[in-house]
Student: 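Following this message is one structure expressed as structure tokens.
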Amino acid sequence: MIALVDVNSFYASCEQVFRPDLRGRPVAVLSNNDGCVIAVNREAKALGISMGRPAFENMTRMELHGVTVFSSNYPLYGDMSQRVMETLATLGASLEVYSIDEAFVEVPALERDLAGYGHRVRERVMRWTGLPVGVGIAETKALAKVANHVAKRERDRTRNVFVIADEAARAACLESFPVEEVWGIGGRIAARLADRGVRTAGDFTRLPDAWVRKELTVTGLRLKRELLGEPQSALELVAPAKQMIGTAKSFGETLEDEGLIREALAYYVAECGEKLRRQSSLAGHLTVYLETNRFRESDPQYVNQTCVRLPVPTNDTLELTRHAERGLSRIFRAGYRYKKVGVWLSGLVSPGAVQQDFFVEDPGIRRANVMGVMDAVNRKYGKAALRTAAAGFRRDQWKLRQERVSPCYTTRLGEVMRVTSDE
DNA sequence: TCTGGGGTCCTAGGACCC
DNA sequence: TCTGGGGTCCTAGGACCC
């Protein structure tokens, strides 16, 4: 059996762990640039704060009801995530980390009391990390996802744990489960299914294989089988190396100056270069992406991207920066107010697989050493403490807005909590 | 005024190979 | 006049996820 364990409103819960005064009170967390509401706890949801919508649409209501609002604090969430995963690893036979706040856990084979197991998972994660989780247990990943959804709706004492134990339970559960909530059914597909009169997950499992294969590709067919209780994939125990690494972030304000955009781009390239070296990959292609603010309809709009093929795959930030700058000058047009620049590294290979180019000088071991030093310095003294000249000194003019960010309680020594006593 | 970021998988179609 | 067949690789684009 497989358990899908996820943290309830993860980002909001992380903030609450370190703010006991906010227990039982409404909390919301905003996306990068304080743009959208991306996490709300139960109390905030009850007040009608809508997730995924722009922050400004919700601000009046949030202020009115005293919702505590945070900018997102990814160093904190990443660290808390690791603690949750380490805790889950002590409970399961094996573990697939699926996202920052969820994991598939293989229930130990000898476990007889599945609901009891689910509650033990909840209790241990709560005791060790302070975070509340929901647990769905079933025969396949897709069914465990369904069970997890149901767990959140349960109102009685079994709340937050739900088990699809046998065939009868599976069938009954799917008949009342809306098809658009099934994992892998998004808005587009749900609309097409609705046209065919498919409303529930149960309806979906009765569609002919041939139709599903033709209209929804093999992914749809696998999903159907998983919902019928036939596992289509094993747990991925080791996270595979990424096939793409990228960063594309909005500026705090729109920018017209190519020089500033170039600095932001160089800064993002350095972030990607570091991720690339951490997984020991080299990139063969680099895509630069540039965009104006599409919501400002009165502004002239421009969006473009260009792909640069690197002469020899590399993970050298200086080399990557040079190519990114070339890409930017290909697509930059003066006279627009730009909102976002991004870079994506793809065609990732491991160093052993590289074909050297006779006509291109290999920057060689000395450059690799420079990168090693740069990474070590930045680990010790903080992000971008040592950076390329191209990343510049004007970050204040383009960095994203983060006006309500909480302290990095667990990852920065200067920001750990102080406990005092009145005597 | 203010509208996120970072990925994955699949397919179709073109280029190219023998 | 008549112009093959069976592949692989790559990229763009669509759909999805959290």
Side-chain angles (χ1 to χ4, degrees), chain A residues 4-11 28-39 50-60 62-63 69 71-74 77-78 81 96-104 141-142 145 148-149 180-193 212-223 232-233 236 239-254 268 271-272 275-276 279 284-285 287 289 291-299 305-309 337 339-348 400-404:
Chain A
L4 188 265
V5 182
D6 80 333
V7 182
N8 302 342
S9 17
F10 179 54
Y11 297 170
V29 179
L30 307 182
S31 63
N32 268 341
N33 231 21
D34 294 348
C36 290
V37 177
I38 53 167
S50 44
M51 202 157 106
R53 298 297 310 164
F56 68 87
E57 284 180 8
N58 282 290
M59 219 32 114
T60 318
M62 293 199 285
E63 278 167 9
V69 179
S71 302
S72 33
N73 181 346
Y74 289 102
Y77 310 149
S81 171
E96 173 182 335
V97 176
Y98 177 67
S99 76
I100 192 165
D101 77 326
E102 39 183 312
F104 291 103
K141 288 185 185 178
K145 274 279 204 180
N148 180 277
H149 266 249
E180 67 271 17
E181 287 179 24
V182 170
W183 184 38
I185 304 287
R188 308 289 171 102
I189 292 176
R192 276 153 68 197
L193 290 173
V212 175
R213 173 69 183 82
K214 180 155 177 293
E215 297 293 322
L216 309 182
T217 78
V218 296
T219 318
L221 197 53
R222 276 185 216 141
L223 179 59
Q232 300 295 300
S233 68
E236 248 168 24
K242 297 213 185 315
Q243 302 173 31
M244 248 183 184
I245 290 174
T247 286
K249 283 190 270 252
S250 302
F251 310 125
E253 312 280 338
T254 51
Y268 299 160
E271 288 182 346
C272 294
K275 283 190 197 170
L276 199 59
Q279 71 162 34
H285 301 263
T287 302
Y289 174 88
E291 174 180 49
T292 51
N293 185 349
R294 64 180 183 282
F295 294 102
R296 201 130 85 188
E297 286 169 14
S298 53
D299 274 10
Q305 64 181 57
T306 182
C307 181
V308 181
R309 181 189 290 264
R337 305 165 66 168
K339 183 63 179 170
K340 186 190 281 189
V341 70
V343 58
W344 287 89
L345 305 177
S346 57
L348 305 192
L400 42 81
R401 267 194 306 276
Q402 270 193 312
E403 286 167 5
R404 303 149 183 271

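So that the names make sense, note that chain A is the first sequence line, chain B the second, and so on, each numbered from 1.
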Student: Let me know the distance between CG of N33(A) and P of dC2(B), rounded to the nearest Å.
Tutor: 11 Å
Student: Under a 3.5 Å threshold, yes or no: a donor from one side chain and an acceptor from the other, between D299(A) and N293(A)?
Tutor: no
Student: How far does the P atom of dC17(C) sit from the matching atom of dT3(B), given to the nearest Å?
Tutor: 25 Å
Student: Quick check on DNA chain B: between R294(A) and A241(A), whose nearest nucleotide comes earlier from the 5' end?
Tutor: R294(A)
Student: When we call it a touch if two heavy atoms are under 4.0 Å apart, what does G187(A) touch: a base, just sugar-phosphate, or nothing?
Tutor: sugar-phosphate
Student: With distance as the sole test, does S72(A) use its side chain to make a donor-acceptor pair with the main-chain N or O of L30(A) at under 3.5 Å?
Tutor: yes
Student: Answer with base, sugar-phosphate or nothing: what part of the nucleic acid does V37(A) contact at a heavy-atom distance below 4.0 Å?
Tutor: nothing
Student: E253(A) CD to dC2(B) P: how many Å, rounded?
Tutor: 8 Å
Student: So what does E57(A) touch, heavy atoms closer than 4.0 Å: a base, only the sugar-phosphate, or nothing?
Tutor: nothing
Student: If you count the non-hydrogen atoms of other residues, nucleotides and ligands that lie under 6.0 Å from CZ in R192(A), is the total more than 12?
Tutor: yes
Student: Please work out if L400(A) contacts a base, only the sugar-phosphate, or nothing of the nucleic acid, heavy-atom cut-off 4.0 Å.
Tutor: nothing
Student: Under 4.0 Å, heavy atoms only, any strand: does R337(A) hit a base, just the sugar-phosphate, or nothing?
Tutor: nothing
Student: Any strand is fair game: report the nucleotide pairing with dC18(B) by Watson-Crick or G-U wobble, both distances under 3.5 Å, or none.
Tutor: dG5(C)
Student: Can you see if the side chain of K339(A) gets near the phosphate of dC2(B) - specifically, an N or O under 4.0 Å from OP1 or OP2?
Tutor: no
Student: I want to check one thing: is the phosphate of dG5(B), taken as OP1 and OP2, less than 4.0 Å away from some side-chain N or O of K340(A)?
Tutor: yes
Student: Taking atom CG of L193(A) and atom CD1 of I185(A), what is their separation to the nearest 0.5 Å?
Tutor: 5.5 Å
Student: Quantified in whole Å, what is the C1' atom distance between nucleotide dC2(B) and nucleotide dC18(C)?
Tutor: 24 Å
Student: Are the side chain of S31(A) and the backbone N or O of C36(A) linked by a donor-acceptor pair below 3.5 Å?
Tutor: yes
Student: Looking only at side-chain N and O atoms, does R296(A) come under 4.0 Å of OP1 or OP2 in dT3(B)?
Tutor: no
Student: Give the rounded distance in Å between these two atoms: CZ of R192(A) and C1' of dC16(C).
Tutor: 12 Å
Student: Would you kindly compare I38(A) and E236(A) by the position of their nearest DNA chain B nucleotide and give the one closer to the 5′ end?
Tutor: I38(A)
Student: NA contact type, F10(A), heavy-atom cut-off 4.0 Å: base, sugar-phosphate, or nothing?
Tutor: nothing
Student: Round to a whole Å and report the spacing from CD of E181(A) to P of dC17(C).
Tutor: 11 Å
Student: Please verify the inter-ring angle class for Y77(A) with Y11(A); under 30° counts as parallel, over 60° as perpendicular, anything in between as tilted.
Tutor: parallel
Student: Side chain of W344(A) only, please: which of dG6(B), dC17(C), dC16(C) is the nearest?
Tutor: dG6(B)
Student: Using whole Å, report how far CG of D34(A) lies from P of dG4(B).
Tutor: 12 Å
Student: Classify the nucleic acid contact of I185(A) as base, sugar-phosphate or nothing, counting any heavy atom under 4.0 Å across all strands shown.
Tutor: sugar-phosphate
Student: Considering just the side-chain nitrogens and oxygens of N293(A), establish if one lies under 4.0 Å of OP1 or OP2 belonging to dT3(B).
Tutor: yes
Student: Please produce a list of atom pairs where a protein N or O lies less than 3.5 Å from an N or O of nucleotides 8-14 of chain C.
Tutor:
none

Student: Using a heavy-atom distance cut-off of less than 4.0 Å, which residues of residues 242-252 of chain A contact DNA chain C?
Tutor: none
Student: I need the OH-C1' distance between Y289(A) and dG4(B), as an integer number of Å.
Tutor: 12 Å
Student: Can you check the Q402(A) CD to dG5(B) P distance for me, whole Å?
Tutor: 11 Å
Student: What closest approach, in Å, do R222(A) and Q232(A) show between heavy atoms, and which atom pair accounts for it?
Tutor: O-CG, 3.4 Å
Student: Name the pairing partner of dT11(B), where a pair is Watson-Crick or G-U wobble with both distances under 3.5 Å, or state none.
Tutor: dA12(C)
Student: Which heavy atom in G184(A) sits nearest to a heavy atom in I189(A), and how many Å separate them?
Tutor: O-CD1, 4.3 Å
Student: Between N58(A) and S50(A), is the side-chain contact (heavy atoms from CB on, under 4.5 Å) condition met? List the steps.
Tutor: CA-CA 7 Å; N58(A) 282 290; S50(A) 44; 3.5 Å; yes
Student: Provide, to the nearest angstrom, the distance between the OH atom belonging to Y74(A) and the P atom belonging to dG5(B).
Tutor: 9 Å
Student: Do K340(A) and N33(A) make a side-chain contact, defined as non-hydrogen atoms from C-beta onward lying under 4.5 Å apart?
Tutor: no
Student: Is it true that K141(A) and E236(A) have a side-chain N and a carboxylate O under 4.0 angstrom from each other?
Tutor: no
